[in-house]
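Note that the structure is a prediction, hence the values are computed from the model and not measured.
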Amino acid sequence: MANPLAGEVALVLDGERRVMKLTLGALAELEEALGADSLAALVARLEGGEVSARDVLALLVAGLRGGGWPGRAADLVAAEIEGGIAEAARRAALLVARAFGEAA
């Protein structure tokens with residue numbers, strides 16, 4: 001089970017419940033994947049309101065890897081996410097909110 005107070009978010013991937021978390025390493029991978037020069041630039045981009053499908057994919061991959069998942073973006077592209085695209089986007093937004101202080 002995901003612990004919201006630890007910044008964790010659950011995601012059901014190919015029928016298996018996974019825990020996502022934006023660890024320092026996961027954030028570094030996310031900065032690189034999205035071409036952000038700093039953590040502040042990354043947060044500003046994500047909070048700017050215009051998040052792309054590529055951003056959502058990168059967030060989910062980073063969160064899953066922070067939770068111990070060994071996969072890569074290509075693995076996630078081929079996976080089935082319970083709830084579809086809308087749920088994936090909602091979980092990505094929740095992951096960012098929890099990583100930066102919102103436990104809800």
Side-chain angles (χ1 to χ4, degrees):
M1 178 167 240
N3 180 353
L5 297 176
E8 297 175 350
V9 174
L11 180 74
V12 178
L13 186 63
D14 288 332
E16 184 177 339
R17 186 176 174 90
R18 300 275 185 173
V19 172
M20 299 187 295
K21 184 174 182 172
L22 289 178
T23 62
L24 187 56
L27 284 167
E29 284 187 18
L30 187 57
E31 283 177 346
E32 183 177 338
L34 297 181
D37 293 332
S38 68
L39 189 55
L42 177 64
V43 172
R45 174 180 176 160
L46 297 174
E47 291 181 343
E50 293 193 27
V51 178
S52 69
R54 183 181 78 136
D55 295 340
V56 171
L57 177 67
L59 272 165
L60 294 178
V61 169
L64 285 163
R65 291 186 46 74
W69 184 66
R72 298 280 179 207
D75 301 317
L76 188 56
V77 168
E80 180 181 332
I81 297 173
E82 185 177 278
I85 296 167
E87 185 63 11
R90 190 178 83 71
R91 293 291 168 162
L94 185 56
L95 184 62
V96 171
R98 287 188 179 166
F100 295 99
E102 227 180 89

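Follow the hydrophobic side-chain contacts under 4.5 Å out from Val56 and you never reach Val12; the two are in separate clusters. At a threshold of 4.5 Å between side-chain heavy atoms, the hydrophobic network of Ile, Leu, Val, Met, Phe, Trp and Tyr places Val96 and Leu27 in one connected group. The cluster map of Ile, Leu, Val, Met, Phe, Trp and Tyr, joined by side-chain heavy atoms under 4.5 Å apart, puts Val9 and Ile85 in different clusters. Under the 4.5 Å side-chain heavy-atom criterion for ILVMFWY residues, a single connected hydrophobic cluster contains both Leu60 and Val77.
The side-chain contact (heavy atoms from CB on, under 4.5 Å) with Met20 is formed by just one residue from the set Leu94, Leu64, Leu59, Leu13; it is Leu64.
For residues 63-92, the side chain to side chain donor-acceptor pair (under 3.5 Å) pairs, not counting sequence neighbours, are Glu29-Arg65, Glu87-Arg90, Glu87-Arg91. The list of side chain to side chain donor-acceptor pair (under 3.5 Å) pairs with a residue in residues 1-18, not counting sequence neighbours, is empty.
Residues that satisfy the side chain to side chain contact (heavy atoms under 4.5 Å, CB included) test with Ala73, not counting sequence neighbours, are Leu57, Val61. Checked against side chain to side chain contact (heavy atoms under 4.5 Å, CB included), Ala40 has the following partners two or more places apart in sequence or in another chain: Ser38. Annotation: side chain to side chain contact (heavy atoms under 4.5 Å, CB included) contacts of Ala26 (sequence neighbours excluded): Leu22, Thr23, Ala62.
Rounded to the nearest 0.5 Å, atoms CG (Leu42) and CG (Leu30) are 4.5 Å apart.
When all heavy atoms of Ala88 and Ile81 are compared, the pair lying nearest together is CB-CD1, 4.0 Å. Residues Ala2 and Ala10 come closest through the heavy atom pair CB-N, 3.6 Å.
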